[in-house]
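Please read the structure below before turning to the comments.
Below, read A as the first sequence line, B as the second, and so on, with proteins coming before strands; counting in each chain starts at 1. All values reported here derive from a predicted model rather than from experimental measurement.
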Protein chains: 2
Amino acid sequence: MVSTSGPPTVETIATRAGVSTASVSRVLNGHGARPETVRRVERAAAELGYVPNAVARSLQGGRSRQLTVAVRDLRDPGHVAMVRAVQAVARAHGYRLVLHSTDTAADTAHAVADELDVLRGLADGTSDGLVLCPVHVTPEHVEALRTAAQPVVVLGAFPDGVEPPADGVRDDPAAGAELAVRHLVRTGRRRVAFLDGPAGTAPGRDRHRGYRAALAARGLTPDPALVAHADTTVEAGTRALHRLLDGPAGGGGRTGEGHGGGVDAVLCADDRLALGATHALHARGLRVPADVAVAGMGDSPLAEAGWPPLTSVDLGAAERARIAAEMLLARVAERDAGTARTPARTATVAPRLAVRASSAPPARPPGVAT
Amino acid sequence: MVSTSGPPTVETIATRAGVSTASVSRVLNGHGARPETVRRVERAAAELGYVPNAVARSLQGGRSRQLTVAVRDLRDPGHVAMVRAVQAVARAHGYRLVLHSTDTAADTAHAVADELDVLRGLADGTSDGLVLCPVHVTPEHVEALRTAAQPVVVLGAFPDGVEPPADGVRDDPAAGAELAVRHLVRTGRRRVAFLDGPAGTAPGRDRHRGYRAALAARGLTPDPALVAHADTTVEAGTRALHRLLDGPAGGGGRTGEGHGGGVDAVLCADDRLALGATHALHARGLRVPADVAVAGMGDSPLAEAGWPPLTSVDLGAAERARIAAEMLLARVAERDAGTARTPARTATVAPRLAVRASSAPPARPPGVAT
DNA sequence: TTGAAAGCGCTACCAT
DNA sequence: ATGGTAGCGCTTTCAA
């Protein structure tokens, strides 16, 4: 039965153009036909406002032309940057983007379970590949990645010592922290506090390492009293910095004018924390950057929005995501071409420091730039 | 031919369980079968790690279980809030979310063309419905909406005088602006400037109307010199406010201490503008809120991040998107049920004022709360 | 160059 | 309760 109604299909067009469905398909896919045939088919398609059914195409071709991106939380500006970047690449290559965000999953355990579900779901045919930004790569992740039905590129690092189960693009938080602390010390700061994210994470350890390395390189001794942890929110950052300044490291924390014991700079693991830190400083009557310099990490739009505008380490979120998306498409192409599976690739994006007003040298003559 | 290799299908399972594919399908969809059959099918499926092919399901059922959300620009925190809200609803109902963002389209004309493409694309079967947040609803939009192949809910208002071609959920910028100005005046401000977004937009006209209405209600005369326009970025906000304060309305703009001519409050059409405005004020040595109060619109995470934290009108972006997604799913259900097409529904979400430090009453005794 | 027909994986109908 | 089978819309052999 033909064209009872409903949206037009190849069959509708075929009837109207007086050709076979095969010819319609060929013309529509530019596979060549007699000019006359082309004309008639195109005419019929245009008149009917034909739109090919992408689902049928997917079923037939085994490719969905959809890419999936899974991130934890769109409240994180870094994740937004990643999604934007992946979207741009997908779009440029004619792929739709399926967004999976797990931020409804309250706790980490749920988020991990959710990520594993996404990985298994890759077998359902709706996606040709996945860019995954996991909370933390667990052994279960590694296993699931090995057996994934479609190519996956991970935004993050794999646990040490395991054969990478998938392509990955990581940042370098250690180098990032080091970059920032170097800058702070070079501009004359000596008591650099470190406001980190929640304790016990792998990136946290890296950042801490970079922080200590940069201090050590300048002959400064890390002071445990200068390190604090907080959830990555403005509020938590404010509270944590108050606590830190109220502690032994604060050096009174009131005027900050040249006395030896006071904190004169704060590196924060995230722009939201850094904004929170500036709030605490403002509230205590400390001037930023005159009394205390502040630097964040992420270089999100928040950094420019802060007062004063925030010096921040760009860890390359957008760039990483762009690279990941391109790696993924390369894998998809590989699969389409039937090429033999090549080993996992890994890339690292180097950090870059965006210096803004929050870390200008103090009013007093700056320290010698060693 | 059966199970040469490749991922397991209903056929693979059927063979393994010694039943027909029809039985496999029934069991897998919970359509009832003899306990023994259920057991054997489920066992085979589990052993094979079977994942149903969602594409084949879509083709067969005519429903993709995907929803599309199209927004202009993920750099806009309001759009991020919308996407999050739609995602949450979609997810809760077992739908995947396809994200279409047009922010690669540089100019408005391209963005509009892109939106029309999305609307046409609804016929390709990959989406059961669309939540569309258009830059501006053009007559072409109206036409495309009327003939859309799938239900669409628009986040925004339709042009006056036309029969709404689709469901819509709008905000109320006029009421929002009015709310904010009321609050500013009530807390003693008299010279309230208005830093609007780009000139010539429909929401801009609404906001302006609300601004004037609130002033009029208090017997204050709107002063054209107090109104300026800027692109919605922090930078542009800063420049625009400087310009405004340098103009006749600035009243010298230096001390702001009680003289009659000076601006003592600024309402901004967007939180980014508002942040930019605070930067300009800080730079001029004016205190916020002591000398000049500032209020933004959108109540994005930026508002809490600002210094001082920003009073902002929540226009209900997340709430609107949530309602839109639910309306959309209701339409989808309607279609599935074969119910007769009901007329377009329209909802409006009322604004809500989030008062923060940027608009605290001035240090001097506040004006009488009329 | 073109048409007939198989088949992608699934569900639903109709018999049994 | 179960099995055979048609068919969703498309692309792609295979013949002609």
Problem - Earlier contact from the 5' end, DNA chain D, for Val10(A) and Arg26(A) - result: Val10(A)

Completion exercise
Numerically ordered, the residues 32-40 of chain A set in heavy-atom contact under 4.0 Å with DNA chain C is Ala33(A), Arg34(A), Thr37(A)

Handout entry: chain B contact limits on DNA chain D, taken 5' to 3' with a cut-off of 4.0 angstrom to heavy atoms
Key = dA1(D) to dG9(D)

Problem - Straight-line distance of Thr68(B) OG1 to Leu99(B) CG, nearest 0.5 Å - result: 9.5 Å

Exercise for the section: Check salt bridge (charged side-chain N to carboxylate O under 4.0 Å, His left out) between Glu143(A) and all other residues, then give those that pass, not counting sequence neighbours. Expected result: none

Practice task
Quick one: label Ser25(A) by what it contacts on the DNA or RNA (base, sugar-phosphate, nothing), any heavy atom closer than 4.0 Å.
Solution key: base

Exercise for the section: Quick one: which residue pairs count as a salt bridge (Lys or Arg N to Asp or Glu O under 4.0 Å) with a foot in residues 18-30 of chain A, not counting sequence neighbours? Expected result: none

Practice task
Would you please say whether a donor-acceptor pair under 3.5 Å links the side chains of Arg331(A) and Thr342(A)?
Solution key: yes

Handout entry: Residues touching DNA chain C, which here means a heavy atom under 4.0 Å, drawn from residues 50-63 of chain A
Key = Leu59(A), Gln60(A)

Practice task
Have a look at Val19(A) and say if it touches a base, only the backbone sugar-phosphate, or nothing, with a 4.0 Å heavy-atom cut-off.
Solution key: sugar-phosphate

Handout entry: Atom pair CG (Leu67(A)) and CD (Gln87(A)), whose distance is rounded to the nearest 0.5 Å
Key = 10.5 Å

Handout entry: Any residue meeting salt bridge (charged side-chain N to carboxylate O under 4.0 Å, His left out) with Arg96(B), in chain and number order, not counting sequence neighbours
Key = Asp124(A)

Exercise for the section: Note the angle between the end axes of the helix from dT1(C)-dA16(D) to dT16(C)-dA1(D), five pairs defining each, rounded to 10 degrees. Expected result: 40°

Problem - Opening and closing nucleotides of DNA chain C in contact with chain B, under 4.0 Å to non-hydrogen atoms - result: dG9(C) to dC13(C)

Handout entry: Arg335(A): partners by salt bridge (charged side-chain N to carboxylate O under 4.0 Å, His left out), with sequence neighbours left out
Key = none

Problem - Set of side-chain contact (heavy atoms from CB on, under 4.5 Å) partners for Ala148(B), sequence neighbours left out - result: Leu122(B), Val152(B)

Completion exercise
Rounded to the nearest 0.5 Å, the OG1 atom of Thr108(B) sits from the NE2 atom of His136(B) at a distance of 10.0 Å

Handout entry: Basic-acidic side-chain contact under 4.0 Å: Arg341(B), Glu334(B)
Key = no

Problem - Between Arg91(A) and Ser101(B), a side-chain donor and acceptor under 3.5 Å - result: no

Practice task
Would you please test Leu132(A) and Glu115(A) for side chain to side chain contact (heavy atoms under 4.5 Å, CB included) and show each step?
Solution key: CA-CA 8 Å; Leu132(A) 176 65; Glu115(A) 286 162 12; 4.1 Å; yes

Problem - His100(A) side chain near Thr102(A) side chain, heavy-atom distance below 4.5 Å - result: yes

Handout entry: Partner set under salt bridge (charged side-chain N to carboxylate O under 4.0 Å, His left out) for Arg39(A), not counting sequence neighbours
Key = Glu36(A)

Problem - Qualifying residues under side-chain contact (heavy atoms from CB on, under 4.5 Å), relative to Arg320(A), sequence neighbours excluded - result: Met82(A), Leu155(A), Val169(A), Asp171(A), Val349(A)

